[in-house]
**Q** 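Sharing a structure with you now.
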Amino acid sequence: MNRLIRTGILAALGALACIQLYAQPASFQRAVPVWVNGQQNTPNLTASFRVCIPWNGQSQTQLRLAAHSDYRAYVNGVFLGHGPCVAGKGFYRIDEYDLNPYLKSGDNLIALEVAGYNIPNFYIMNAPSFLQAEITSDGTVVAATTSGSWSKEGQTVRRGRAGTAFRRGTQIQLPTHSS
């Protein structure tokens with residue numbers, strides 16, 4: 001019986017190792033971390049990022065994003081999701097969303113609301129706020145957070161912490177950034 005259990009455990013570990021070998025980690029092709037200029041360390045700042053993308057009704061379109069604090073994503077005014085899932089110190093997760101069910105032929109508005117808390121607490125590290133996001137269509141980047149490609153607005157808000165994230169993604173370590 002013990003030999004059977006040991007064999008089953010080894011088979012399961014072998015299968016898991018094979019899955020890990022073929023899993024493709026999420027990554028960014030062109031996106032860089034951005035935030036409202038000079039406001040990376042401002043407490044309780046919520047920034048809105050928007051971009052309009054065309055869709056032909058057929059291409060596979062994905063949104064990948066990472067953020068320091070909480071975010072909410074919308075497509076054409078419809079709630080898409082929120083995150084990110086909390087990661088280890090110095091690491092951030094890349095969340096991926098399939099946009100096809102939310103897109104319409106023609107122009108589509110993708111909106112992201114990102115909170116930068118910058119207040120010491122037990123939930124989120126006190127580190128500079130950022131958003132890093134890109135949208136790909138059939139593997140080609142159609143929008144990315146680089147200087148000027150997404151419009152951004154910042155406003156100070158007073159509110160409680162947003163809900164806990166439930167989405168899981170790939171862990172990445174971001175370089176130090178200035179804006």
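Note that this is a predicted model, so its numbers are computed, not measured.
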**Q** I'd like to check the side-chain hydrogen bond (donor to acceptor under 3.5 Å, both in side chains) partners of Asn41; sequence neighbours left out, ordered by chain and number.
**A**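 With sequence neighbours excluded, Asn41 shows a side-chain hydrogen bond (donor to acceptor under 3.5 Å, both in side chains) to no residue whatsoever.
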**Q** Is the shortest heavy-atom distance from the side chain of His82 to the side chain of Asp70 under 4.5 Å?
**A**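 Not touching, per the 4.5 Å side-chain cut-off.
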**Q** Does Ile119 sit in a hydrophobic cluster with other residues, and if so which ones, taking ILVMFWY side chains as linked at heavy-atom separations under 4.5 Å, directly or through other members?
**A**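 Its cluster mates, by chain and number: none.
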**Q** Could you go through Tyr102 and Asn76, starting from their C-alpha distance and side-chain angles, then the distance that decides it, and tell me whether this counts as side chain to side chain contact (heavy atoms under 4.5 Å, CB included)?
**A** CA-CA 8 Å; Tyr102 302 91; Asn76 296 320; 5.8 Å; no
**Q** Which residues pass the side-chain hydrogen bond (donor to acceptor under 3.5 Å, both in side chains) test with Asn126, sequence neighbours left out?
**A**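 side-chain hydrogen bond (donor to acceptor under 3.5 Å, both in side chains) check on Asn126 returns nothing, list empty.
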**Q** Holding to side chain to side chain contact (heavy atoms under 4.5 Å, CB included), I want the full list of residues that pass it with Thr61, two or more places apart in sequence or in another chain.
**A** Ile53, Trp55, Ser59, Leu99, Asn100, Leu103, Ile135, Ser137
**Q** Taking all non-hydrogen atoms of both residues into account, name the closest pair between Gly83 and Asp95 and its distance.
**A** CA-OD2, 4.1 Å
**Q** If you look at every heavy atom in Gln29 and Thr136, which pair is closest and at what distance?
**A**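 Closest pair (atom of Gln29, atom of Thr136, distance): NE2-CG2, 3.9 Å.
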**Q** Heavy atoms only: give me the nearest Asn118-Ala127 pair and the separation to one decimal.
**A** OD1-O, 2.6 Å
**Q** Check side chain to side chain contact (heavy atoms under 4.5 Å, CB included) between Asp107 and all other residues, then give those that pass, not counting sequence neighbours.
**A** Cys52, Pro54
**Q** Write out all pairs satisfying salt bridge (Lys or Arg N to Asp or Glu O under 4.0 Å) with one or both partners inside residues 52-64, taking only residues at least two apart or from two chains.
**A**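 Residue pairs with at least one partner in residues 52-64: Arg64-Glu96.
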**Q** Side-chain contact test, heavy atoms from C-beta onward, threshold under 4.5 Å: evaluate it for Pro84 versus Tyr71 and give yes or no.
**A**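 When only atoms from C-beta onward are counted, Tyr71 and Pro84 do touch, with a gap below 4.5 Å.
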**Q** Grab the two heavy atoms, one from Ser69 and one from Ala115, that are nearest each other, plus how far apart they are.
**A** CB-O, 2.6 Å
**Q** Would you please test Leu112 and Ser48 for side chain to side chain contact (heavy atoms under 4.5 Å, CB included) and show each step?
**A** CA-CA 6 Å; Leu112 303 173; Ser48 299; over 6 Å; no
**Q** Please list, chain by chain and in numerical order, all residues satisfying side chain to side chain contact (heavy atoms under 4.5 Å, CB included) with Gln39, sequence neighbours excluded.
**A** Trp35, Val36, Thr42, Leu45
**Q** For residues Gly81 and Tyr97, report the shortest heavy-atom separation together with the two atoms involved.
**A** C-OH, 3.8 Å
**Q** Can you tell me how far CD of Gln62 sits from CD of Glu134, rounded to the nearest 0.5 angstrom?
**A** 10.0 Å
**Q** Count I, L, V, M, F, W, Y as connected when their side-chain heavy atoms are under 4.5 Å apart, and connections chain through other members. Are Val141 and Val51 then in the same cluster?
**A** no
**Q** Is there a side-chain contact between Val34 and Phe130, using heavy atoms and a 4.5 Å cut-off?
**A**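 With C-beta onward as the side chain, the pair stays apart.
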**Q** Once rounded to the nearest 0.5 Å, what's the spacing between atom OG1 of Thr140 and atom CD of Gln60?
**A** 13.0 Å
**Q** Roughly how far, to the nearest 0.5 Å, is CD1 of Ile110 from CG of Leu80?
**A**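 The CD1 atom of Ile110 is 8.0 Å from CG of Leu80, to the nearest 0.5 Å.
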**Q** Between Ser105 and Asn56, do the side chains contain a donor N or O and an acceptor N or O under 3.5 Å apart?
**A** no
**Q** Residues two or more places apart in sequence or in another chain: which of them pass ring-ring contact (aromatic ring centres under 6.0 Å, His included) with Tyr74?
**A** Phe79
**Q** Provide the closest heavy-atom pair for Phe28 versus Gln132 in the form atom of the first, atom of the second, distance.
**A** CD1-NE2, 3.3 Å
**Q** Would you check if Pro33 and Thr145 make a side-chain contact, meaning some heavy-atom pair closer than 4.5 Å?
**A**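 No, their side chains stay 4.5 Å or more apart.
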